Amino acid sequence: MLGLSGGLDSATMATLIATSEVDIPLRLYWLPYHTSEPENFEDAKMLAAHLECELQIIDIADVVDAARKIWLVNDNVRVGNLAARARMMALFDASAEHGGVVVGTSNLSEVCLGYGTLHGDMACAFNPLGRLFKTELRQVGPELGIPEKFLKKVPTADLWKGQTDELELGFSYEDADKVLYLYVRVGLNRKQIAEEVGDRALVDKVLDRTEKYKFKSQIAPVGPSPV
C-alpha cells in the first residue's frame with residue numbers, strides 16, 4: 001500500500017516496487033485534501049500509468065474537516081498534521097482490507113531533520129528509502145527511469161497553499177545534505193563540519209534541528225521496570 005503525492009520520494013518507492021524482479025502486488029493511492037494541487041494529481045496519475053498500475057482515490061477531506069470542526073483547528077501546521085495522519089489512517093485501513101503492508105517514503109534527510117508527522121507520513125510497516133538522502137534520490141532517479149519532471153519538482157508535502165519543504169526548513173536539501181552527510185556518514189563534529197562546509201550558521205541551523213527532532217526517529221522510551 002503506497003500513497004502517491006506526485007513528488008519524487010513516493011515516485012521512487014513506487015518505481016522500485018513496480019520494477020522489482022520479485023512479483024509484489026502494488027496498490028497506489030491518491031489521498032487528496034482541499035489544498036491538494038491538481039498538478040500533483042496529474043503527476044501521480046502519470047506515474048501510475050507509466051508503471052502500469054491503477055491509482056485509487058481516497059478523499060480525506062471529510063475526515064479532516066470533521067476533526068477541525070470538533071477541535072477548532074485552523075492554523076496550517078495543525079491542519080497539515082491532521083491531513084498527514086488521516087492519509088495514513090486511510091492507507092492502514094486499506095492494508096487491513098486487502099491484507100497488505102504500508103510502505104513508507106521518508107528519505108534520510110527528512111528523518112534526520114524530523115521533517116515529518118509522527119503517526120502520519122512517518123508511519124509505515126517498512127521504509128526502504130530511509131537510508132538515502134534527498135540528493136541521493138535525485139541521483140538514483142534517472143537510473144530507475146523516473147520521469148524527469150519528478151527530479152526537478154519543488155519538494156512539498158502539499159499540506160497548504162504555497163507550502164514547500166525548503167521554505168519551511170529555511171535551507172535547501174542540497175545544503176542540508178552537505179552537513180548531514182558529514183555528520184551521519186563521516187561522523188564529524190560541528191566544528192569539523194563547519195570547516196569543511198565553510199558556513200557555521202548553516203551547520204548550526206541544520207544540526208540544531210536534527211538534535212531537536214531526534215526523538216521522531218527513535219523508539220518511544222519505556223519507563224523503568226516496577227520490579
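The model shown is predicted, which means the values in this text are computed figures rather than measured ones.
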- Query: Minimum heavy-atom separation for A14 to L4, with atom names?
  - Reply: CB-CD2, 4.0 Å
- Note on the structure: Quick note, ring pair (Phe, Tyr, Trp, His ring centres under 6.0 Å) partners involving residues 25-77, not counting sequence neighbours, are W30-F41
- Query: How close do I58 and P32 get, heavy atom to heavy atom, and via which atoms?
  - Reply: O-CD, 3.3 Å
- Task: Would you mind reporting whether L159 and V79 have side-chain heavy atoms less than 4.5 Å apart?
- Result: no
- Task: Flag the pair E148 and K152 as a salt bridge only when some basic side-chain nitrogen lies within less than 4.0 angstrom of an acidic carboxylate oxygen.
- Result: yes
- Note on the structure: On a heavy-atom basis, the closest approach of G104 and P128 is O-CD, 4.3 Å
- Looking only at heavy atoms, what is the nearest atom pair of A83 and I60, with distance? O-CD1, 3.5 Å
- Task: Name all pairs fulfilling the side chain to side chain donor-acceptor pair (under 3.5 Å) condition that reach into residues 210-219, sequence neighbours left out, sorted by first residue then second.
- Result: R190-E211
- Heavy-atom check, side chain of C112 versus side chain of L108, under 4.5 Å: yes
- Query: Out of curiosity, does L16 fall in the hydrophobic cluster containing I146 (side-chain heavy atoms, cut-off under 4.5 Å, transitive links)?
  - Reply: yes
- For the side chain of R27 and the backbone of M1, is there at least one donor-acceptor N/O pair under 3.5 Å apart? no
- Task: Say whether F92 and V101 are linked into one hydrophobic cluster, either directly or through other cluster members, by side-chain heavy-atom distances under 4.5 angstrom.
- Result: no
- Item | Nearest heavy atoms of L31 and R87, plus distance in Å | O-NE, 2.7 Å
- Message: For I17, is there any backbone N or O sitting under 3.5 Å from a side-chain donor or acceptor partner on S20?
- Response: no
- Can you measure from CG (N40) to CE (M46) and round to the nearest 0.5 angstrom? 11.0 Å
- More than 12 heavy atoms from other groups under 6.0 Å of CG on D62: no
- Task: Verify, without hydrogens or angle tests, whether E143 (side chain) and V140 (backbone) share a donor-acceptor contact under 3.5 angstrom.
- Result: no
- Look only at the side chain of T164 and the backbone of P155, and say whether a donor-acceptor pair between them is shorter than 3.5 Å. no
- Quick one: NZ on K205 to CG on D199, what's the gap to the nearest 0.5 Å? 10.0 Å
- Query: Can you tell me how far SG of C124 sits from CE of M88, rounded to the nearest 0.5 angstrom?
  - Reply: 7.0 Å
- Message: Tell me if a side-chain donor or acceptor on K153 pairs with a main-chain N or O of G6 at a distance below 3.5 Å.
- Response: yes
- Verify the distance criterion only: is there a donor paired with an acceptor across the side chains of Q163 and T156 at less than 3.5 Å? yes
- Measuring from E195:CD to K191:NZ, what's the distance to the nearest 0.5 Å? 6.0 Å
- Query: When rounded to the nearest 0.5 angstrom, what distance separates CG in L167 from OG in S172?
  - Reply: 12.5 Å
- Message: Could you check whether any side-chain N or O of E42 sits under 3.5 Å from a backbone N or O of E39, counting only pairs where one atom can act as donor and the other as acceptor?
- Response: no
- Query: In terms of side-chain geometry, is the basic nitrogen of K134 or D9 positioned less than 4.0 Å from the acidic oxygen of its partner?
  - Reply: yes
- When clusters are formed by joining ILVMFWY residues with side-chain heavy atoms under 4.5 Å apart, either directly or through shared neighbours, do V111 and L129 land in the same one? no
- Message: With a 3.5 Å distance limit and no angle check, can you tell me whether R85 reaches the backbone of L118 through a side-chain donor-acceptor pair?
- Response: yes
- Looking only at atom types and distance, does a side-chain atom of E37 sit under 3.5 Å from a main-chain N or O of D158, one as donor and one as acceptor? no
- Check ion pair K149-D43 (N to O, under 4.0 angstrom): yes
- Give a yes or no on whether V203 and V186 share a hydrophobic cluster (residues Ile, Leu, Val, Met, Phe, Trp, Tyr; joining criterion: side-chain heavy atoms under 4.5 Å apart). yes
- Stepwise, does the side-chain contact (heavy atoms from CB on, under 4.5 Å) test hold for T105 with D121? CA-CA 8 Å; T105 61; D121 51 306; 5.9 Å; no
- Short question: side chain of S106, backbone of M122 - any donor-acceptor pair under 3.5 Å? no
- Item | Interatomic spacing from CG in L151 to OG1 in T12 - rounded to 0.5 Å | 7.5 Å
- Side-chain donor/acceptor of R68 to backbone N/O of V73, under 3.5 Å: yes
- Query: Is I219 reachable from F215 through a run of hydrophobic residues whose side-chain heavy atoms are each under 4.5 Å from the next?
  - Reply: no
- Shortest non-hydrogen contact from E136 toward L132: OE1-CA, 3.4 Å
- Message: Looking at R131, I'd like to know if its CZ atom is crowded, meaning that more than 12 non-hydrogen atoms belonging to other residues, nucleotides or ligands lie closer than 6.0 Å.
- Response: no
- Message: Is there a side-chain contact (heavy atoms from CB on, under 4.5 Å) between M13 and L2? Walk through the geometry before answering.
- Response: CA-CA 8 Å; M13 193 63 256; L2 178 61; 4.2 Å; yes
- With a 4.5 Å heavy-atom cut-off, do Y183 and L207 have their side chains touching? yes
- Of N107, D165, T135, the one forming a side-chain hydrogen bond (donor to acceptor under 3.5 Å, both in side chains) with Y173 is D165
- Message: Using the rule given for side-chain contact (heavy atoms from CB on, under 4.5 Å), can you reason through V103 versus N127, listing the C-alpha separation, both sets of side-chain angles and the distance that settles it, and then say yes or no?
- Response: CA-CA 6 Å; V103 186; N127 182 24; 6.0 Å; no
